[in-house]
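Okay, so here's the structure we're looking at.
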Amino acid sequence: MIEELLPYTVIVPAVASLVTLGLNKPLGRWNGIIAILTSLLSIVIFSVSTYKIFAGLVSSYEKIYDWVVTSNLVLRFGFRADGLSSPVALTIALVTALTALYTVKLMRDLPNMGLFFSLYQLFFLGMIGLVLSTNLVVFFVFFEIAVVASWALINEWGTGEKEKVALKYFLFTEAGALCFLAGIVATNGYLQTLEIYEIPQKIAQLNPNVGILTAIVSAMLIGFFVKMAIFPLHSWLPDTYVEAPTPITALLSSAMSGLAAYATIRIVFLYTPALQYISTAMIVLAIITMIYGAANALSQDDFKRLLAYSSISQMGYILLGLGAAALAISMGFKSLAAIGATGSMFHYIAHAMGKAILFLLVGVFMVQVGTRTISQMGGLAGKMPYTAVMMFIGFFTLMGVPFTSGFISEWMIFTGAIGSASLVAEAFRIFMVIVAIIATVLTFAYSLWSIRRMLFGQAPPQLNEVKEAPLSFLTPLMVMALASLFLGMYPTIFTEEINKVILKLFTLTP
Amino acid sequence: MSLEYPGAWLCWISPMVGAVLTPLFAKINLRVRDYVAVLFSLFAAISASTMIPLLFNATPLFNSESFDWIPSLNVKMGVVVDPLSIIMANIVAWISFLIMVYSLSYMHGEPGLTRYWFFMNFFIGSMLLLVMADNMLLMFFGWEGVGVCSYALIGFWYRDSKEDWLKCWVGEGDEAYPPSHAGMKAFIMTRIGDVCLLASIFVIYAFAGTFSYSELLERIDQWAPTISKAGLLLPAAILFFMGPVGKSAQFPLHEWLPDAMAGPTSVSALIHAATMVKAGVYLVARVLPIFWLAYHVLRISELSAFFTIIAWIGAFTAFLAATQAMVSREIKKVLAYSTVSQIGYMFLALGAGGLLAHGLVEGLTSGMFHLMSHAIFKAALFLSAGAIIHAVESRFMYHMGGLRKYMPLTYVAMWLAALSLAGVPPFSGFWSKETVLAVSWEAGLLGPFVLAVVTAALTVFYTIRMMGLTFHGEKSHRIVELEAEGHKIEEASPVMYVPYAILAVASLGIGVVGWWMEEALHRALSSMTPYAALHSLVPSVQAEVETVSPQIITLPLAIVMLIVGAIPAYFMYVSRKVDPSAIVAKSLLLRTLHTFLFKRWFINKMYYNAFAYPLMSASRGLYRWIEVGGFDRALAGFVSGVVGFASQFRKLQTGFLNYNIIGILMGLIIIALILLKLGGLW
Amino acid sequence: MEYLPPQSYLALSLILLAIGFYCLVSKRNMIKTVIGLEIVTIAVNTAFMSLGWMRTYPANFIDPLAQTFVIISIAIGGIVAALALSLVVDAHQHYKTLDLKKLRRLRW
């Protein structure tokens with residue numbers, strides 16, 4: 001039954017998007033509520049599928065349509081929910097629903113609401129389709145839908161020089177996407193297939209040149225690195241996140257960026273022979289990104305920009321897990337690789353929760369306090385206690401404090417990283433990873449420093465009238481905070497299943 | 001699901017449950033909330049005590065029971081029940097309970113008490129989790145948990161209001177810190193230690209494949225030589241030690257503890273005297289057998305550096321902190337430096353024990369004994385200090401004086417604890433300090449031994465100085481002012497007084513039975529754990545057997561140091577016959593020395609100037625020069641380059657139809673040529 | 001009757017093409033451009049016819065299919081001329097001039 005419903009997770013938002021576009025005026029606030037309902041539908045579907053898969057009842061759900069069938073090109077439109085894509089899709093749906101709820105509450109006088117939620121749902125369906133797709137071209141199509149929708153959202157409802165920033169974001173991402181497209185085309189040429197699940201077989205069958213595989217993988221990775229904002233391809237991110245409307249930033253940061261990591265596990269890791277050449281680059285870039293992002297975040301005065309740099313840094317963490325996994329796979333240690341990759345995926349989920357909370361808090365601060373400049377804030381913990389608690393939980397998730405999900409994910413990433421570094425047994429590699437671990441102190445530094453400047457101390461006189469945000473604003477944040485804490489104490493439900501699926505994925509390969 | 005050791009699980013789960021329930025009870029009634037919070041900590045203490053009978057069984061312990069938690073990481077949720085954990089858990093739980101009772105009166109009327117009870121209970125739960133955990137991942141949960149609670153509780157008075165300068169801030173002049181800053185400093189500094197610990201845990205896991213203490217010990221012959229060959233065993237060991245260095249405030253990560261005094265005194269007593277700072281000592285004690293075995297049985301000789309480093313850091317820190325305590329002007333800071341110093345003694349004992357072929361149990365006994373006695377008397381001292389601060393409404397000792405007439409009971413209790421700290425027989429502090437000196441002498445660590453002995457004299461000095469400044473002499477101006485305002489200086493309420501009185505008497509009591517206590521501890525640790533059996537694995541080395549019992553050296557030395565330290569202090573501060581400030585003012589050397597010590601050997605300043613400020617400037621510079629100046633400018637340059645290139649093509653668009661037709665014509669000709677070429681007619 | 005070989009008619013059409021294009025390229029008067037367009041159309045028709053004759057050479061008739069197309073083409077040429085002239089009249093009404101160089105709004 002779930003199989004039949006899978007396409008609807010994409011179709012329903014598409015239809016709803018048209019509805020909100022057309023019936024903009026009469027619907028009014030219902031535009032947003034429709035958006036919430038469509039993502040709620042996805043939440044229900046994915047919760048059921050996740051539960052069934054994790055309980056061991058089913059291994060995966062698949063629904064495949066024949067799309068283009070010609071003599072030399074066969075494209076199948078497929079949706080597949082398995083132990084990896086199901087929780088990721090659930091996370092995306094959850095964050096989308098909560099952000100939509102938040103937007104409805106917080107941004108009552110959004111101009112042109114129908115168009116906003118129409119694009120919002122397009123963005124959502126792009127991400128979901130991307131996660132569920134089984135075919136490289138379909139993946140690319142949904143990816144483009146998401147990018148175009150987010151471009152439009154930034155262009156219309158952003159702040160500052162929104163058109164310029166939106167264009168920069170779009171062009172950067174497109175350039176990356178074209179590299180990825182080159183990889184797809186090359187895959188079709190050399191491996192004769194565009195189905196993701198057939199890639200390992202074809203590699204075993206056709207045994208193409210490792211250099212070609214490496215070139216394909218590098219092209220794809222460049223595309224993904226742009227999306228994940230890995231140094232040095234990161235410079236689109238700060239301006240984009242700062243000038244985009246807050247709910248969109250929350251979605252971009254928590255859901256969209258990490259999807260490139262998901263795609264890496266899904267797609268890139270299937271090209272096993274090529275992994276040994278790229279793993280070192282991945283690890284080095286990851287460590288540089290971690291440190292660079294955190295170091296830049298430290299001196300920011302604009303809270304939103306600080307969070308943007310923090311996102312760059314966190315993507316570095318995720319890439320470290322992936323790089324470690326790549327290294328381990330290339331040396332044949334599949335289970336160790338699975339730990340690093342599981343850690344990355346779990347960190348994606350944890351970061352999604354934490355970052356969404358923090359970015360939505362920016363909106364709360366804008367409404368309640370009227371500013372997002374840190375130097376103008378202070379002493380807010382007394383005036384806004386619940387908000388302060390939310391901020392703590394959000395930051396603690398990023399810092400990797402135990403009892404939040406961020407700790408388990410960081411633990412797994414570092415286990416994988418040092419584990420694979422020790423496989424190579426070069427002291428330098430291990431030293432690099434130790435440096436990376438020590439660099440996590442920077443995350444502590446900017447988090448605690450922001451908390452201190454914004455929440456503690458004396459409130460400046462102009463903030464005397466500040467009141468606590470109404471609970472309806474904070475409800476979405478509280479749900480995410482609870483999710484983060486729950487996963488922090490009982491991570492097994494996600495980690496074990498994700499680990500199993502990733503292990504299976506890796507063992508498919510030669 | 002039946003548990004074999006329910007007490008071991010309940011002792012840490014119940015306070016955490018209590019913490020979460022506290023906000024709910026606060027909605028019912030504030031008094032109810034207070035009592036419920038204290039009740040949960042009592043329940044934890046009782047649960048811990050249910051394990052004490054196990055100490056008197058004949059059967060050896062080192063058991064754990066566990067449940068699968070994260071199979072992919074080979075991590076179980078389990079508890080280890082052995083003399084080490086039982087003793088530590090009971091010390092922590094009971095002292096915590098007494099301090100919770102004390103808080104009922106001390107924190108009465110403070111806003112934000114719900115937050116206080118929440119974090120105090122969560123702290124007790126985390127600390128006990130740390131103690132009882134049987135693997136390093138679970139231990140780390142507790143480890144960071146106490147760090148979070150410490151951060152939250154130090155910064156309890158987060159408003160940093162200047163009006164509370166005398167109560168809530170810490171330090172003076174350019175080293176004055178508000179509570180929120182102190183909390184952040186503590187968390188960041190301990191985090192530096194924590195990440196080193198983390199890195200070490202992962203390296204060990206990479207080679208050993210397990211996080212569990214018992215498995216590490218059992219399989220040591222498999223993983224230790226491999227790590228050592230990769231050249232990583234010593235670095236991993238030292239990194240591992242950095243975690244305790246941070247948590248227990250040893251050099252070089254010691255600067256956060258004095259500033260942590262910005263928190264409420266009950267917090268200082270609980271976290272920064274009796275429990276959290278001992279976590280490092282406990283962790284080292286927990287893993288000491290593992291490294292000891294690697295060193296002595298597997299003969300991995302590089303580990304001797306590990307133990308030596310522990311001992312040296314311990315001894316040096318003891319000395320360093322004691323010198324700073326001698327000149328401090330705040331009563332809580334004296335106690336804070338004293339804590340740092342005494343913990344140094346504990347590490348010295350552990351390190352020395354590790355070096356000795358048959359000294360594992362001795363080192364552990366000595367370290368744990370000093371831990372136990374220190375926890376009790378330090379908690380007593382802090383709690384009495386809290387009562388005094390409450391009475392005088394200031395943290396500075398120059399605002400006190402002559403208080404023995406006003407607060408006689410506190411006077412007696414505090415003197416009992418202070419004598420224990422100073423190491424006066426027959427108090428417990430004397431016995432425990434003496435065992436530390438003995439084991440370090442046996443290990444042949446001459447440098448640390450000398451430092452430890454000198455520190456003993458310094459300890460007496462600053463202790464008597466503190467007592468003298470507080471209780472003896474004339475009333476300070478402040479007291480006169482307060483009395484003029486109608487504010488009476490009187491004895492603390494029984495709810496506050498009884499806890500520290502109990503602790504002070506306990507310190508005396510343990511001292512009276514000191515010798516027997518040490519023997520009991522030794523027996524517990526050797527017979528009830530496999531540690532003594534480990535001794536037999538070491539081939540006996542004749543040269544290490546001391547013919548001379550160290551007591552002959554250490555006992556007289558200890559007494560001599562007592563006298564050397566006590567006499568000047570007595571004359572300067574108690575009987576006030578000699579004026580110390582006059583002596584210092586006369587000599588340039590002494591003045592420089594005083595400034596050096598008062599400014600914390602300039603280490604604190606150095607940390608700010610070498611790390612904190614440069615980091616911020618580096619961040620700013622990074623942002624300005626590389627991010628904005630580099631990437632943004634490069635991007636802008638790239639964009640204008642592309643735009644420039646494209647605009648050259650604009651010139652084609654003249655708008656003249658005639659030129660367009662020329663273009664068409666050109667195209668036609670080219671196509672025609674191509675077709676001709678293809679058709680082979682060229 | 002003696003006819004020139006079809007290749008000469010092809011040459012004629014190329015000459016006409018050249019003349020027509022020259023007219024299009026260099027004349028500034030809009031009506032002269034339309035005339036040029038017409039000349040090009042004639043050239044194309046002539047070329048088509050001569051190519052059609054080259055198929056059936058040396059017979060003295062041209063493939064009727066080719067003739068059909070050319071007749072249609074002539075008709076279309078007439079329509080194009082009519083449309084072009086109407087556009088020219090419209091442009092003249094708007095811009096008050098027949099000078100092509102004045103119609104530059106489509107530049108960059």
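Throughout, a chain's letter reflects where its sequence line sits, starting with A, and its residues are numbered from 1.
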Give the minimum heavy-atom separation between [X] and [Y], together with the two atoms involved.
X        : Y        : result
A:Ala445 : B:Ile188 : CA-CD1, 3.8 Å
A:Ile418 : B:Ala199 : CD1-O, 3.8 Å
B:Phe141 : A:Gly488 : CZ-O, 3.8 Å
A:Ser299 : B:Tyr623 : OG-CB, 4.2 Å

Is any side-chain heavy atom of [Y] closer than 4.5 Å to one of [X]?
X        : Y        : result
B:Phe202 : A:Ile437 : yes
B:Tyr205 : A:Trp411 : no
B:Phe631 : A:His234 : yes
B:Val639 : A:Leu171 : no
B:Leu635 : A:Lys168 : yes

(request) State plainly whether the residues A:Arg452 and B:Asp160 are in salt-bridge range, i.e. N to O under 4.0 Å. (result) yes
(message) Restricting to ring-ring contact (aromatic ring centres under 6.0 Å, His included), what partner residues turn up for B:Phe187, sequence neighbours left out?
(response) A:Phe444, B:Tyr151
Counting only heavy atoms closer than 4.5 Å, note whether [X] contacts chain A via side chain, backbone, both or neither.
X        : answer
B:Phe638 : neither
B:Met16  : side chain
B:Ile227 : neither
B:Ile201 : side chain
B:Leu622 : both
B:Val148 : side chain

(message) Let's test your reading of the structure: which of B:Ser180, B:Gly155, B:Gly630 forms the most heavy-atom pairs below 4.5 Å with chain A?
(response) B:Ser180
(message) Just so I understand: if I count every heavy-atom pair under 4.5 Å between each of B:Trp157, B:Phe207, B:Tyr158 and chain A, which residue has the most?
(response) B:Tyr158
Given that the side chain runs from C-beta out, which part of [X] has a heavy atom under 4.5 Å from chain B: side chain, backbone, both or neither?
X        : result
A:Phe494 : neither
A:Leu298 : both
A:Pro232 : both

For chain B, which of [options] has the most heavy-atom pairs under 4.5 Å?
options                                : value
A:Phe396, A:Tyr309, A:Trp236           : A:Tyr309
A:Asn499, A:Ile451, A:Thr415           : A:Thr415
A:Val433, A:Val441, A:Asp239, A:Leu336 : A:Val441

(request) State the CG-CG distance between B:Leu615 and A:Leu442, to the nearest 0.5 angstrom. (result) 6.0 Å
(request) Kindly compute the distance separating OH (A:Tyr292) from OG (B:Ser619), expressed to the nearest 0.5 Å. (result) 10.0 Å
(request) Could you give me the CA-CA distance, side-chain angles and deciding distance for B:Arg159 and A:Phe456, then say whether side-chain contact (heavy atoms from CB on, under 4.5 Å) is met? (result) CA-CA 6 Å; B:Arg159 272 187 207 144; A:Phe456 294 153; over 6 Å; no
(message) Taking side chain to side chain contact (heavy atoms under 4.5 Å, CB included) as the criterion, tell me which of A:Thr443, A:Val401, A:Thr440 meets it with B:Arg191.
(response) A:Thr440
